[in-house]
There are 2 protein chains.
Amino acid sequence: MADSHQTGSAAPLAERLRARGLRLTTQRQRVLAAVAALDHATPEAIGARLREEAGPGGAAPDASTVYRNLELLERLGLVWHTHLGKGAPVYHAAEHPHLHVVCQGCGEIASADPALLDTAAERLATDLGFQLDVGHVALSGTCRTCRDRAGDEKP
Amino acid sequence: MADSHQTGSAAPLAERLRARGLRLTTQRQRVLAAVAALDHATPEAIGARLREEAGPGGAAPDASTVYRNLELLERLGLVWHTHLGKGAPVYHAAEHPHLHVVCQGCGEIASADPALLDTAAERLATDLGFQLDVGHVALSGTCRTCRDRAGDEKP
DNA sequence: CTCGTTGCAAAGGATTTGCACAAGT
DNA sequence: ACTTGTGCAAATCCTTTGCAACGAG
């Protein structure tokens with residue numbers, strides 16, 4: 001009894017599906033599992049992962065199914081996605097909200113404490129009435145490694 | 001006399017091109033002008049704009065040319081681009097750095113004071129050695145209007 | 001048994017790339 | 001003239017959609 005909450009993050013997929021008259025399928029469970037396991041994976045990467053897991057003879061979900069289910073899982077509040085720049089978005093389990101920090105140099109993705117933006121969020125709310133959605137934010141910049149490496153740019 | 005700076009934003013394109021042995025073409029001037037005029041425009045929108053400006057018989061640059069020049073202009077430091085979520089990136093003149101704030105509901109793009117992230121930038125630098133690139137950051141969330149409108153979601 | 005789901009294949013939109021010709025210096 | 005830029009068309013990449021067969025409740 002700690003589950004009758006609203007945004008209960010532990011609701012095991014099945015319940016959320018039931019509540020909407022939707023069905024619990026193998027594919028859905030797999031996609032969700034893959035998202036949780038990979039963290040920060042693109043739909044394509046998730047598909048690849050599932051293909052691996054399925055092995056040679058195994059049946060992995062089709063790309064379209066992956067897309068459809070990612071969308072559904074997001075509506076169910078079980079996963080989130082973020083656009084980290086050009087190309088495909090990345091998905092992660094919705095459990096622990098965190099900021100995404102992406103290095104433009106190497107593409108590395110780091111997570112950061114959402115509290116980092118508390119001040120900014122407050123000011124946005126006050127000044128513009130804008131409610132910041134921390135889970136979807138992606139901060140870009142340069143990581144230490146790439147920063148050092150950048151010393152050899154100009155000839 | 002305020003121009004012999006390094007990141008001089010006023011350097012009229014021509015100079016920057018010269019400095020690299022590149023050529024000043026009509027298309028380049030047009031693309032840059034369109035970016036400045038539209039602010040927050042996608043490559044497609046920029047192309048459309050140029051087509052309008054050119055009129056029926058006029059010759060507007062091909063889409064590929066727009067892309068190529070946007071990339072070039074960015075390398076020259078004259079424009080910046082940001083990914084505001086799914087889909088096309090938006091470009092704006094590099095002159096005045098600003099944050100982008102995007103409403104997930106209506107797609108509206110607002111600009112905010114870069115200083116908003118000063119605290120966060122500092123902490124990222126200290127904690128992770130990560131240099132935040134404020135010009136490329138896009139903050140997503142919900143604007144006041146869409147927030148109010150959201151009251152009618154559940155049936 | 002009845003509908004939600006899935007796989008397949010084809011459609012689409014947004015970029016990118018190869019090339020021969022046009023244009024800037 | 002020499003080299004860079006551009007248009008065009010084809011190629012990619014990522015995602016979405018239509019439809020008939022499949023499977024969960």
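Please read all numbers here as calculations on a predicted model, not as lab measurements. Naming convention: chains lettered A, B, ... in sequence-line order (proteins, then strands); numbering from 1 in each chain.
- The side chain of B:Gln27 places no N or O atom within less than 4.0 Å of a non-bridging phosphate oxygen (OP1 or OP2) of C:dG24.
- On the nucleic acid side, DNA chain D has its first and last nucleotide under 4.0 Å of a heavy atom of chain A at D:dC14 to D:dG25, going 5' to 3'.
- Side-chain contact of B:Thr26 with B:Arg30: a donor-acceptor pair under 3.5 Å is absent, judged by distance alone.
- When the nearest nucleotides of DNA chain D are assigned to B:Lys86 and B:Arg68 by heavy-atom distance, the more 5′-ward of the two goes with B:Arg68.
- Along DNA chain C, the nucleotide nearest A:Val66 and the nucleotide nearest B:Ala63 are compared for position; the residue whose nucleotide lies closer to the 5' end is A:Val66.
- Counting non-hydrogen atoms under 4.0 angstrom, B:Thr42 reaches nothing in the nucleic acid.
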Could you list the donor-acceptor pairs under 3.5 angstrom formed between side-chain atoms of residues 99-112 of chain B and any protein atom two or more places apart in sequence or on another chain?
residue: B:His100; atom: ND1; partner: B:Thr82; partner atom: OG1; Å: 3.4
residue: B:His100; atom: NE2; partner: B:His40; partner atom: NE2; Å: 2.9
residue: B:His100; atom: NE2; partner: B:His98; partner atom: NE2; Å: 3.1

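- Distances shown here put every side-chain N or O of B:Tyr67 at or beyond 4.0 Å from the OP1 or OP2 atom of C:dT16.
- Other residues, nucleotides and ligands contribute at most 12 non-hydrogen atoms within 6.0 Å of the CZ atom of B:Arg18.
- The hydrophobic cluster containing B:Val90 does not contain B:Leu70, counting ILVMFWY residues as joined when their side-chain heavy atoms lie under 4.5 angstrom apart, directly or transitively.
- With sequence neighbours left out, B:Glu53 forms a side-chain hydrogen bond (donor to acceptor under 3.5 Å, both in side chains) with B:Arg49.
- Note: B:His136 and B:His81 have tilted aromatic rings, judged against thresholds of 30 and 60 degrees for the angle between ring planes.
- For the pair A:Asp62 CG and C:dA9 C1', the computed distance is 9 Å after rounding to whole Å.
- Annotation: proximity of residues 17-25 of chain B to DNA chain D (heavy atom, distance under 4.0 Å) is found for B:Leu22, B:Arg23, B:Thr25, numbered in ascending order.
- Taking atom CG of A:Leu32 as the reference point, atom P of C:dT5 lies 15 Å away to the nearest angstrom.
- With rounding to whole Å, A:Arg51 atom CZ is found 16 Å from C:dT6 atom P.
- When the side-chain contact (heavy atoms from CB on, under 4.5 Å) test is applied to A:Glu52, no partner is found at least two apart in sequence or on another chain.
- Not a single side-chain hydrogen bond (donor to acceptor under 3.5 Å, both in side chains) links B:His92 to another residue, sequence neighbours left out.
- Straight-line distance from the CG atom of B:Asn69 to the C1' atom of C:dT17: 15 Å, rounded to whole Å.
- Nearest approach of A:Ala14 to A:Leu24, heavy atoms of both residues: CB-CD2, 4.0 Å.
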